[in-house]
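First the structure, in the form of structure tokens, and then the observations on it.
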Protein chains: 2
Amino acid sequence: MAATRMLPHPDAHDVHLTDVLFALSDPARLDLVRLIAQDGPQTVAQCQGLEPGTPKSTLSHHLKTLREAGVVRNVPSGRQRTISLRRDDLDGRFPGLLDAVLGTAGDADLADSGRGQQS
Amino acid sequence: MAATRMLPHPDAHDVHLTDVLFALSDPARLDLVRLIAQDGPQTVAQCQGLEPGTPKSTLSHHLKTLREAGVVRNVPSGRQRTISLRRDDLDGRFPGLLDAVLGTAGDADLADSGRGQQS
DNA sequence: AGATTAGTTCCAAGAAAGTCGAACTGTGAT
DNA sequence: ATCACAGTTCGACTTTCTTGGAACTAATCT
């Protein structure tokens with residue numbers, strides 16, 4: 001069984017919006033996507049750098065969620081893996097979505113644009 | 001105690017991207033948002049029409065999630081309530097996000113744009 | 001071959017969400 | 001006042017997610 005190597009990825013047209021939104025709705029995963037979007041493909045070890053204390057299994061789980069949702073591609077390269085953003089696929093299927101999500105600075109702030117109106 | 005009337009809404013600058021994404025990541029809630037975006041403000045009873053069998057409490061729960069995330073506004077009008085999309089607030093905070101999400105037909109398909117390529 | 005490294009998978013426990021009936025509250029009509 | 005109506009809230013149950021340790025697998029290095 002030489003198989004744990006190549007992980008399954010959903011075909012582009014099988015990527016569901018709700019799954020993508022869910023995958024991106026977790027702060028840790030959103031940060032991962034931001035990292036990959038900015039700095040390009042990363043190894044898992046490099047992803048670790050985002051939140052140093054996180055156990056490997058937890059990180060791997062988040063990457064799995066992103067991969068199964070079709071957000072990220074996970075490809076073996078040497079004895080490590082390269083995590084890359086499936087930007088073309090996502091843009092093709094949900095135009096503008098990724099840009100809108102990534103366009104937001106860090107979620108926390110970017111406020112201060114003035115008004116503090118409420119209902 | 002005259003209070004269960006006016007429900008709490010997050011202030012525009014207190015709306016978090018991850019909460020919005022999460023709120024939209026559920027098929028039922030996404031359908032609700034699509035309905036309101038297309039047909040304008042709706043009463044809860046009108047929202048019921050989307051999935052007729054759904055109990056009131058379940059629908060109310062979804063509306064609560066959307067409201068607390070800042071996606072929807074829930075305002076009493078007579079003895080019913082008007083559910084409306086907080087489009088301005090969302091566009092202000094996450095430009096392009098709502099359009100990208102709503103731009104997608106029905107999630108299920110809209111594929112067929114050709115290629116069936118995979119990794 | 002054996003040891004190291006890079007990650008995934010397995011499993012269990014705790015936390016959070018979804019679902020829905022029943023009770024509750026405010027509003028309008030009789 | 002009383003009754004019906006439109007929705008929300010409460011409480012219990014079930015399911016799914018998250019988290020992290022331990023075991024596992026594949027690839028490289030010596």
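Numbers restart at 1 for each chain; the letters A, B, ... are given by sequence-line order, proteins then strands. Heavy atoms only: backbone and side chains are in, while hydrogens, waters and symmetry mates are out.
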Please tell me which of the listed nucleotides, [options], lies nearest to the side chain of [X]?
X        : options                  : value
Ala45(B) : dA6(C), dT19(C), dG7(D)  : dG7(D)
Arg29(A) : dT18(D), dT9(C), dG7(D)  : dT18(D)
Arg5(A)  : dT18(D), dT8(D), dA26(D) : dA26(D)

Round to the nearest Å and state the distance from [X] atom [atom1] to [N] atom [atom2].
X        : N       : atom1 : atom2 : answer
Leu66(A) : dT8(C)  : CG    : P     : 12 Å
Leu59(A) : dT9(C)  : CG    : P     : 13 Å
Gln42(B) : dG7(D)  : CD    : P     : 11 Å
Asp26(B) : dA16(C) : CG    : C1'   : 14 Å
Phe22(B) : dA17(C) : CZ    : P     : 5 Å
Gln80(B) : dT8(D)  : CD    : P     : 11 Å
Arg81(B) : dC5(D)  : CZ    : P     : 19 Å
Asp19(B) : dA17(C) : CG    : P     : 9 Å

Can you get from Leu21(A) to Leu102(A) by hopping between Ile, Leu, Val, Met, Phe, Trp and Tyr side chains that sit under 4.5 Å apart? yes

With sequence neighbours excluded, residues passing side chain to side chain donor-acceptor pair (under 3.5 Å) with [X]:
X        : result
His62(B) : Arg29(B)
Arg67(B) : none
Asp26(A) : none

May I ask you to check whether Ser25(B) and Thr18(A) show a side-chain donor-acceptor distance below 3.5 Å? no

Under the salt bridge (charged side-chain N to carboxylate O under 4.0 Å, His left out) test, which residues partner Arg79(B), sequence neighbours left out? none

With sequence neighbours excluded, residues passing salt bridge (charged side-chain N to carboxylate O under 4.0 Å, His left out) with Asp91(A): none

If only side-chain N and O atoms of [X] are considered, is one of them under 4.0 Å from the OP1 or OP2 phosphate oxygen of [N]?
X        : N      : answer
Arg67(B) : dT8(D) : no
Asn74(B) : dT8(D) : yes
Thr43(B) : dG7(D) : yes

Whichever of Pro8(B) and Thr65(A) has its nearest DNA chain D nucleotide further upstream toward 5': Pro8(B)

Pairs: protein N or O with nucleotides 12-16 of chain D N or O, under 3.5 Å:
none

Using a cut-off of under 3.5 Å, enumerate the N/O to N/O pairs linking the protein to nucleotides 28-30 of chain D.
none

Which residues satisfy the side chain to side chain contact (heavy atoms under 4.5 Å, CB included) test with [X], sequence neighbours excluded?
X        : result
Asp39(B) : Leu35(B), Gln42(B)
Leu59(A) : Leu32(A), Val44(A), Cys47(A), Gln48(A), Leu63(A)
Ser84(A) : Pro41(A), Arg73(A)
Pro95(A) : none

Dump the pairs, protein N or O against N or O of nucleotides 20-23 of chain C, anything under 3.5 Å, distances to one decimal.
| unit_1 | atom_1 | unit_2 | atom_2 | d |
| --- | --- | --- | --- | --- |
| dG21(C) | N7 | Ser57(B) | OG | 3.2 |
| dG21(C) | O6 | Ser57(B) | OG | 3.3 |

Residues Arg87(A) and Asp99(A) bridged, charged N to O under 4.0 Å: yes

